[in-house]
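For ligands, and for the atoms within them, numbers begin at 1 and follow the listed sequence.
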Amino acid sequence: MTTPTDVLTPDGSDGKAAAADADGLAIRTLSPTIVYSALDTSPRGLTTAAADARLRQFGSNELPRAAHPAMWRQLAAQFTDLFAVVLLIASAITFLAYALQEPRDVGTLQLAVAILGVVALNASIGFAQEYSAERTAESLQAMVPHTCRVLRDAVLRELPARELVHGDVVLLEAGDAVSADCRLVEAHDITVNNAAITGESDAVGRSHEPERQGPVLEARNCVFMGTDVVAGTAKAVVFATGRSTEFGRIFQLTAAAPRQKTPLQHQVASMARRVAGTALAVGALLFAVRLPAGQGLVSAFVFALGVMVALVPEGLPATLSVSLAIGVRRMARRHALVKQLLAVEALGSTTVVCTDKTGTLTQAEMTVVQVWVGGVMHAVSGVGYEPAGEVADPEPVRAVLRTAALCSNARLVPPSEGGRWHVLGDTTEGALLVAAAKAGLDGVAEEGAAPRVGEHPFDSVRKLMSTVHSGADGYHACVKGAPQELLERCTAIDRQSEVIALTDALRAEVMDVNDELAKQGLRVLAAARRELSGPHPDRECVESGLTFLGLVGMLDPPRPEVREAVTACHRAGIRVVMVTGDHPLTAEAVARRVGIVQRADPTVMTGARLNELDDDALDELLAGQGELLLCRVSPEHKMRVVTAFQRRHEVVAVTGDGANDAPALKHADIGVAMGASGTDVAREAAVMVLLDDSFASIATAVRLGRSVYQNIRKFLVYLFSHNIGELVPILAATFAGFPLVPISAVQILAIDLGSDVLPALALGAEPPEDDVMDHPPRSRDERLFSPAVMGRILFLGGIQAAGVCAVFFWHINASGIPYADFTEDSVAYREAITLVQAGIVVSQFFNALAVRTERESVFRAGLLSNLWLLAAGFFGIGLMAAISYLPPLQEVFNTAPLTVTDWAVLGGLGVVLLAAEEARKAWLRHRAARDNGGER
Ligand code: ATP
């Protein structure tokens with residue numbers, strides 16, 4: 001047998017791996033008692049000093065981060081994007097054209113350089129965006145610390161997983177992610193999912209019995225880092241941490257998984273491609289028109305190419321990603337961590353939220369307030385987990401509270417410096433420990449008198465938990481659970497004075513009392529016990545033939561912020577369905593308090609009745625839009641309901657905390673896990689994690705999700721409408737027989753990349769509109785470029801185009817020079833193209849203000865409520881002024897100084913655009929009011 005010293009001698013990191021290997025092989029052969037000594041620890045856990053020493057010596061329990069691709073690779077990847085390649089080719093051709101030109105036109109060279117500039121700028125925006133998205137993802141991950149329950153100095157503590165060292169004694173339960181390689185020393189019905197290591201996702205049972213030597217991964221008495229506990233509980237000793245674990249060894253330094261594009265990103269990318277195609281067609285058309293008009297081949301080609309490049313919406317995909325990333329950051333600030341961009345989008349179209357009760361709608365601060373025993377109700381005073389309060393007549397309630405407390409795994413933690421008492425473990429069990437203390441029971445003494453020798457952990461299908469204890473009079477079982485389930489397994493009842501057979505009449509009496517307590521919104525648990533002949537009977541034996549002891553009613557006050565959030569969801573046309581394992585009456589009482597139920601006759605469906613419904617009947621049940629409570633359900637029911645809602649094309653958000661909620665969380669459109677109380681498994685399966693567990697954070701995330709979508713529509717309208725303003729004058733000039741362009745490609749690029757990018761980004765960061773939760777969710781099938789959006793683009797773009805065309809031709813015609821005599825150097829021409837460029841810049845300033853709201857007047861939203869946008873707009877105008885007045889820039893852009901009157905005229909054009917859009921919005925509001933808010 002391996003001795004402690006030869007497995008644990010540290011000799012550098014490689015040596016550590018070897019030592020751990022020896023551990024793994026040897027550790028499985030040891031009996032649990034020897035495991036402790038082999039790893040130089042004890043059933044009381046390590047002392048803090050020993051643990052600290054090991055942490056210093058062997059390092060923390062962490063794996064090296066997945067390596068990011070080298071920066072230069074990330075940057076280089078930006079140049080392989082389709083747009084970039086097209087633009088690079090365009091630039092190369094332009095350079096070639098310049099080289100072939102006779103005489104050489106410096107304008108062609110400028111264009112070639114400008115196109116290169118476009119590619120470079122675009123690549124840097126894309127790179128910066130990706131880089132910051134990665135950092136955001138990392139920092140979000142860090143916000144949900146991975147902890148584990150460890151015995152140190154004989155006290156159960158919750159510690160960051162990275163502080164684990166070999167020899168630590170950890171407690172595992174369903175839903176935990178295993179944080180290090182451990183040897184089990186106690187196992188209670190534990191099953192684990194080893195998919196992360198073996199690739200097989202079936203749950204496998206584990207035990208603490210020693211085994212013969214063999215491959216460590218096949219050891220049934222070991223659990224490994226990276227795997228999950230599916231059911232049961234266990235006590236285990238850590239034998240390998242960090243890189244020395246099996247997971248650490250197979251963990252490749254893989255590049256971060258490629259981020260998937262969301263449907264929205266796909267839509268925008270495909271739209272951008274279509275626009276690029278259109279630009280190509282327009283370019284070809286202009287080339288075909290200009291060639292016979294006597295322009296040289298090269299000059300006609302360069303012209304067409306310039307127009308084409310200018311029309312391509314280069315910055316669009318990057319702006320979209322930035323806007324989604326801003327949404328993610330905003331949600332994180334409001335306690336909702338989104339793990340995939342996809343969720344930001346889906347949140348905006350959520351139609352149904354299926355929510356848990358405990359912790360999400362309530363505070364999960366359980367306090368036992370009633371104990372019913374021997375036909376008498378006893379009130380318990382005090383609030384929260386501080387064991388201060390009392391039971392007026394403690395003697396009769398002791399038996400039921402003793403049984404319930406012995407059958408608990410939670411631990412009460414006294415306040416540390418100004419804090420409050422809190423619970424480590426299940427809050428329901430914590431409340432039972434507090435009540436037992438209030439009844440004068442001493443937990444340590446009780447455990448000493450009846451040490452636990454076996455356990456059948458709680459699960460939400462059985463709704464029971466049982467423990468086996470040895471005492472002076474032999475063995476006995478303590479069982480607690482949902483009253484109905486427990487009562488079915490009882491044959492006798494303790495009436496204090498005597499133990500009598502449990503008749504139907506007595507069962508009915510117990511259930512009446514249960515209903516009475518549940519109607520008050522209390523969570524009710526029952527406790528029972530039985531004598532046993534030996535320490536290891538099977539579960540069926542432990543949980544049958546029981547003697548019923550009494551009922552315990554505990555209060556869990558609703559969260560104060562939930563009512564308003566539920567109202568907001570209702571107003572926003574989102575259905576809120578409560579899905580709980582609790583009793584229907586408890587559920588209904590809580591649902592009324594938080595506003596989920598308002599009518600006298602909500603539909604209350606239990607898990608048992610759900611089982612009787614076939615899929616058609618279930619669909620029919622869900623089709624009714626009435627208030628719906630699903631009670632006494634198990635995670636399988638949750639999954640079935642989610643699937644049924646999805647069959648009805650609903651977009652479903654579902655909350656979950658337990659290990660077996662994972663399938664429903666994965667299947668839902670938005671799986672929402674609890675960050676504070678949820679299990680690791682649930683957090684892994686979900687796409688969104690609530691840091692504060694509150695329902696209100698879901699409502700906030702939906703609001704922000706909707707606003708992200710709205711913002712995207714805003715900048716799309718903003719960006720695409722100005723393309724019309726650029727294109728129409730070019731077409732008009734071409735078809736009017738004017739020999740030159742009314743705006744050059746370099747000028748267009750200056751607008752697209754100079755004055756338009758920042759306002760578009762600022763629009764992507766708009767705060768949510770006030771009425772964002774006042775209309776029904778958008779349809780899942782609604783296209784981003786809906787007829788309404790296209791209409792708005794044409795409306796605003798049309799006004800812009802008409803305005804700049806008017807300014808251009810007015811100026812050209814006023815000069816009195818015949819069209820054919822115009823050259824690039826004509827002063828009137830230079831002034832006219834400056835007017836066109838400035839006209840677009842100024843009207844884009846007003847356009848940005850106009851698109852800020854969809855229906856509300858922008859003056860009501862407040863012109864100053866997005867200062868970034870104003871700053872970005874003024875920056876654009878400043879840039880335009882520089883292009884108009886600074887000689888070096890005049891050279892590059894072939895521009896001329898504008899007069900005050902020019903600016904005034906252009907300002908007037910912008911005001912007309914804003915006023916027209918305000919009038920259109922007023923008409924929309926009027927129509928909506930007429931249709932009673934029925935239309936968007
Ligand atoms: P909620 O929606 O309130 O979060 P849930 O779905 O988590 O409820 P479960 O935890 O499955 O509900 O509990 C169902 C029932 O099982 C409870 O009403 C209670 O009677 C009983 N129960 C809950 N926790 C325990 C426990 N630790 N031991 C024994 N019985 C329990």
Side-chain angles (χ1 to χ4, degrees), residues 173-175 231 233 354-366 368 400 403-410 423 425-433 455-467 478-489 511 514-515 517-518 521-528 543 551-559 562 576-591 594 596 606-608 629-639 641 654-661 664 672-674 676-679 682 693-695:
E173 66 179 20
T233 56
C354 295
T355 172
D356 280 342
K357 175 175 66 66
T358 306
T360 315
L361 301 173
T362 67
Q363 301 179 11
E365 174 116 339
M366 306 267 184
V368 172
V400 62
T403 302
L406 282 175
C407 182
S408 294
N409 288 329
V423 173
D426 185 6
T427 47
T428 302
E429 297 186 352
L432 293 170
L433 298 183
E455 175 189 336
H456 297 289
F458 173 76
D459 73 62
S460 43
V461 178
R462 221 165 90 253
K463 298 187 171 48
L464 292 178
M465 167 173 175
S466 54
T467 48
C478 297
V479 189
K480 69 176 183 351
Q484 193 167 342
E485 274 73 8
L486 193 72
L487 215 52
E488 280 165 14
R489 292 159 185 270
M511 287 320 290
N514 172 48
D515 290 358
L517 292 171
L522 302 181
R523 163 172 274 225
V524 192
L525 250 76
E543 294 177 357
L551 296 173
V552 179
M554 47 185 92
L555 186 71
D556 179 12
R559 287 173 176 268
V562 167
V576 182
V577 177
M578 184 197 271
V579 184
T580 173
D582 234 331
H583 191 281
L585 293 169
T586 312
E588 191 179 329
V590 175
V594 297
I596 291 180
T606 59
L629 301 180
L630 302 172
C631 311
R632 296 177 54 75
V633 292
S634 65
E636 288 72 37
H637 293 122
K638 211 184 240 185
M639 174 72 185
V641 168
V654 70
T655 67
D657 46 13
N660 30 17
D661 283 332
V672 184
M674 302 300 134
S677 66
T679 58
D693 294 5
S694 173
F695 178 85

Please write down residue, atom name and distance for the protein heavy atom closest to atom 6 (O) of ligand 1.
-> G581 N, 2.8 Å
In this structure, atom 19 (C) of ligand 1 is nearest to the protein heavy atom L525 CD1, 3.4 Å
Going by distance only, is there an N or O of M465 that falls short of 3.5 Å from an N or O of ligand 1?
-> no
Where do E485 and K480 land on the salt bridge (charged side-chain N to carboxylate O under 4.0 Å, His left out) test, with the steps shown first?
-> CA-CA 10 Å; E485 274 73 8; K480 69 176 183 351; over 6 Å; no
Donor-acceptor side-chain pairing of T233 and E173 below 3.5 angstrom = no
Identity and distance of the protein heavy atom lying nearest atom 28 (N) of ligand 1 | K480 NZ, 2.9 Å
Distance to 0.1 Å, residue and atom name: give those for the protein heavy atom nearest to atom 3 (O) of ligand 1.
-> T358 OG1, 2.3 Å
The protein heavy atom nearest to atom 31 (C) of ligand 1 is F458 CE1, 3.1 Å
Can you find an N/O atom of T580 closer than 3.5 Å to an N/O atom of ligand 1?
-> yes
Return the option from K357, R523, M578 holding the heavy atom at the smallest distance from atom 8 (O) of ligand 1.
-> R523
Got E588 and L629 here, is their nearest side-chain heavy-atom distance under 4.5 Å?
-> yes
Classify the contact between E429 and ligand 1 as side chain, backbone, both or neither, using a heavy-atom distance cut-off of under 4.0 Å.
-> side chain
Ligand 1 versus D582: contacting region, heavy-atom distance under 4.0 Å = both
Nearest protein heavy atom to atom 27 (N) of ligand 1, by residue and atom, and its distance?
-> D426 OD2, 2.8 Å
Donor-acceptor contact present, side-chain R559 to main-chain Q363, <3.5 Å = no
Check G656 against D661 and note the closest heavy-atom contact, atom names and distance.
-> CA-OD2, 3.4 Å
Please check if the side chain of T427 supplies one atom and the backbone of G430 the other of a donor-acceptor pair under 3.5 Å.
-> no
Proximal atoms of ligand 1 relative to A482 (non-hydrogen, under 4.0 Å) = 20 (O), 21 (C)
T360 near ligand 1, heavy-atom distance under 4.0 Å?
-> no
In terms of its nearest heavy atom to atom 20 (O) of ligand 1, the top option of L361, V524, L630 is V524
Is there a donor in the side chain of N409 and an acceptor in the side chain of E455, or the other way round, less than 3.5 Å apart?
-> yes
A student checking ligand 1 against S460 at a 4.0 Å heavy-atom cut-off should list atoms 11 (O)
So, does R489 use its side chain to make a donor-acceptor pair with the main chain of E543 at under 3.5 Å?
-> yes
Evaluate the side-chain proximity of D356 to M578: yes if any heavy-atom separation is below 4.5 Å, no if none is.
-> no
T428 and R523: side chain donor to acceptor below 3.5 Å = yes
